[in-house]
There are 2 protein chains.
Amino acid sequence: MGRRSDHTRDELEQLIIGAGHTLLAEVGYHRFSAREVAKRIGYSVGTIYNVFDSLDDLMLAINGRTFLIWAETIARSLQNAGLDRIALLVASYFDFATSNRNLWMAIYDHRLPAGVPLPDRYARQRGVLTDILRGEIAAVLPEDRRDLAPALARSLLATVHGHCVFALNGTFALLDERDPHGAALARVREALAAAGAHIAV
Amino acid sequence: MGRRSDHTRDELEQLIIGAGHTLLAEVGYHRFSAREVAKRIGYSVGTIYNVFDSLDDLMLAINGRTFLIWAETIARSLQNAGLDRIALLVASYFDFATSNRNLWMAIYDHRLPAGVPLPDRYARQRGVLTDILRGEIAAVLPEDRRDLAPALARSLLATVHGHCVFALNGTFALLDERDPHGAALARVREALAAAGAHIAV
DNA sequence: AGCATAAACTGAGCGGTGTTCAATAAAAAT
DNA sequence: ATTTTTATTGAACACCGCTCAGTTTATGCT
């Protein structure tokens with residue numbers, strides 16, 4: 001066929017990302033395919049490649065959306081948080097990863113060829129989430145140590161991430177760890193305490 | 001052709017694992033293929049599948065070998081270690097991962113289908129490495145807290161792992177972190193200090 | 001209205017993948 | 001010498017990412 005124009009270019013892009021997001025959530029990164037996305041929206045493979053340069057490109061768009069949803073989820077749960085906002089952040093991280101297994105893992109399963117840098121757009125979508133973390137960590141640090149916030153936020157993110165990965169990929173099951181979330185929170189508390197943070201517990 | 005018997009079954013298995021290991025190191029998980037392994041040892045695809053049930057099976061064998069080499073590397077570097085053995089462990093972790101990027105990442109890139117448990121053989125190969133860690137951590141804990149060692153070892157492994165993943169997958173580059181190894185070591189020291197460990201620094 | 005241009009969309013085709021299994025060839029046993 | 005067992009093959013199947021000549025439709029122009 002030819003021009004159909006049921007959708008504008010932007011709508012089509014969003015349609016693809018949406019269907020891709022759903023497919024990814026259902027089957028996971030390594031069973032994801034452009035052909036299946038096309039089938040689901042009633043277009044042919046070629047159309048996917050007219051809108052996106054490559055599958056890498058599409059994956060970045062889908063993962064970018066996951067990041068936005070993730071940031072939104074965490075922001076919302078922070079709104080009705082108690083005093084211990086840090087504990088809530090850790091819990092949110094685990095919660096999102098666990099209840100969106102495939103989407104969350106795809107973020108880290110997908111990698112660009114060596115040397116290709118992440119596009120700015122994607123970097124910004126990721127930034128939304130890390131900005132929230134940095135803000136919350138800065139808030140619990142004493143004023144004279146606020147400058148530690150960026151580095152500490154990165155490091156604690158990595159700490160929680162490590163526990164979360166091991167929880168989801170079976171490593172912790174192998175090691176008989178039954179409370180990954182608790183362990184992560186304990187490490188975060190120790191690090192914050194060492195930095196002089198004042199946390200309500 | 002038919003029976004060639006240049007190799008016994010076991011030799012052939014080791015030949016495949018060896019060539020697979022090399023290929024994996026060269027091209028990484030997502031460009032790894034059974035056909036290429038076969039080509040490199042002068043056999044055809046079918047032979048790979050006579051020796052291994054599936055590619056998952058072969059990947060486990062290869063990753064298992066990586067674990068053994070990793071454990072050996074760490075054990076050797078512990079032999080001529082100074083007083084701060086914990087710092088050396090963290091450094092070794094980063095060092096192995098960085099200088100064996102593809103092999104190390106493949107351990108975590110490869111995942112069995114949901115529900116399929118890791119075979120015992122593989123679990124044991126992994127165990128060698130974690131046993132070393134648990135021993136070293138127990139050694140720096142006061143006697144009356146030695147029982148914390150297993151849980152703490154798991155958690156610190158996850159902590160260092162998280163930092164290492166972010167260092168290798170570009171997340172830390174995105175977040176302007178320039179000393180992942182230093183950050184990981186700082187977190188480990190804080191956690192050990194909180195557990196009452198006595199470390200030579 | 002008719003026609004030319006531009007845009008959207010297709011899907012067969014290319015070279016790859018994991019996996020299977022009838023056929024085959026050589027060694028071992030009889 | 002003949003049968004049996006074993007090791008090995010590679011074409012075939014259904015999938016993959018990706019391309020691009022070709023088709024269809026909408027739009028602009030006279």
Side-chain angles (χ1 to χ4, degrees), chain A residues 1-21 23-24 26-63 102 106 109-114 116, chain B residues 1-21 23-24 26-63 102 106 109-114 116:
Chain A
M1 302 137 222
R3 183 187 190 111
R4 283 208 308 220
S5 91
D6 335 353
H7 307 99
T8 68
R9 180 85 173 196
D10 275 4
E11 281 169 354
L12 185 50
E13 187 177 323
Q14 291 307 311
L15 195 65
I16 295 173
I17 297 178
H21 205 256
L23 176 61
L24 187 60
E26 284 174 17
V27 307
Y29 178 72
H30 103 230
R31 295 197 193 289
F32 181 89
S33 92
R35 277 181 167 92
E36 179 63 23
V37 173
K39 193 184 293 178
R40 289 186 177 208
I41 58 173
Y43 281 81
S44 79
V45 225
T47 298
I48 305 280
Y49 286 90
N50 289 340
V51 177
F52 293 93
D53 287 349
S54 64
L55 207 74
D56 277 344
D57 215 33
L58 173 55
M59 279 306 307
L60 284 177
I62 294 174
N63 284 342
N102 285 335
D109 284 342
H110 178 244
R111 241 156 285 143
L112 293 178
V116 179
Chain B
M1 300 141 223
R3 183 189 190 107
R4 278 206 313 217
S5 89
D6 330 356
H7 307 98
T8 69
R9 180 88 175 194
D10 274 3
E11 279 170 357
L12 186 51
E13 184 176 324
Q14 291 307 311
L15 195 65
I16 295 173
I17 296 178
H21 205 257
L23 176 61
L24 187 60
E26 283 175 20
V27 306
Y29 178 71
H30 102 231
R31 295 198 194 288
F32 180 89
S33 93
R35 275 184 171 86
E36 180 62 25
V37 173
K39 194 184 294 177
R40 290 185 176 210
I41 59 171
Y43 280 80
S44 78
V45 226
T47 298
I48 305 280
Y49 285 89
N50 289 340
V51 178
F52 294 93
D53 286 348
S54 65
L55 207 74
D56 277 342
D57 214 35
L58 173 55
M59 279 305 308
L60 284 178
I62 295 174
N63 284 341
N102 285 335
D109 285 343
H110 178 244
R111 240 156 286 140
L112 292 178
V116 180

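Quick note on labels: first sequence line is chain A, next is B, and so on, each numbered from 1. What's counted below: heavy atoms across the whole structure, side chains too, no hydrogens, waters or symmetry copies. Because the structure is a prediction, the values reported are computed rather than measured.
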For nucleotides 15-18 of chain C, give me every protein contact, N/O to N/O, under 3.5 Å, one pair per line with atom names.
| from | atom 1 | to | atom 2 | distance (Å) |
| --- | --- | --- | --- | --- |
| dT17(C) | OP1 | Ser33(B) | OG | 3.1 |
| dG18(C) | OP1 | Ala34(B) | N | 3.3 |
| dG18(C) | OP2 | Ala34(B) | N | 3.3 |
| dG18(C) | N7 | Arg35(B) | NH1 | 2.6 |
| dG18(C) | O6 | Arg35(B) | NH2 | 3.1 |

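- One atom, NE2 of His110(A), and another, C1' of dG17(D), lie 12 Å apart when rounded to the nearest Å.
- Applying the salt bridge (charged side-chain N to carboxylate O under 4.0 Å, His left out) test to pairs two or more places apart or on separate chains, those with a residue in residues 32-42 of chain B are Glu26(B)-Arg40(B), Glu36(B)-Lys39(B), Glu36(B)-Arg40(B).
- For the pair Asp56(A) CG and dC16(D) P, the interatomic distance rounds to 17 Å; values are reported in whole Å.
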Using atom types as modelled, flag every donor-acceptor pair under 3.5 Å from a side chain in residues 9-19 of chain B to any protein atom, sequence neighbours excluded.
| from | atom 1 | to | atom 2 | distance (Å) |
| --- | --- | --- | --- | --- |
| Arg9(B) | NH2 | Asn50(B) | O | 2.6 |
| Glu11(B) | OE1 | Thr8(B) | N | 3.1 |
| Gln14(B) | OE1 | Arg65(B) | NH2 | 2.5 |

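- With rounding to whole Å, Glu13(B) atom CD is found 13 Å from dA7(D) atom P.
- Listed by first then second residue, pairs satisfying salt bridge (charged side-chain N to carboxylate O under 4.0 Å, His left out) with a partner in residues 46-63 of chain A number zero, not counting sequence neighbours.
- Distance Phe52(A) CZ to dA8(C) P: 15 Å, rounded to the nearest Å.
- With sequence neighbours excluded, the residues forming a side chain to side chain contact (heavy atoms under 4.5 Å, CB included) with Tyr29(B) are Leu24(B), Met59(B), Ala106(B), Asp109(B), His110(B), listed by chain and number.
- If you measure from atom NZ of Lys39(B) to atom P of dT9(D), you get 14 Å, rounded to the nearest angstrom.
- In this structure, Asn50(A) and Gly46(B) both approach DNA chain D, and ranking their closest nucleotides by distance from the 5' end singles out Gly46(B).
- Among residues two or more places apart in sequence or in another chain, the side chain to side chain contact (heavy atoms under 4.5 Å, CB included) test is passed with Asn102(A) by none.
- The CG atom of Asp53(A) sits 10 Å away from the P atom of dC18(D) (whole-angstrom rounding).
- Using a 4.5 Å heavy-atom cutoff, the side chains of Phe32(A) and Leu23(A) are in contact.
- Between the P atom of dT19(D) and the CD1 atom of Ile48(A) lies a distance of 14 Å, rounded to the nearest Å.
- OP1 or OP2 of dT10(C) sits under 4.0 Å from a side-chain N or O of Thr47(A).
- The CD-C1' distance, from Glu11(B) to dA7(D), rounds to 14 Å in whole Å.
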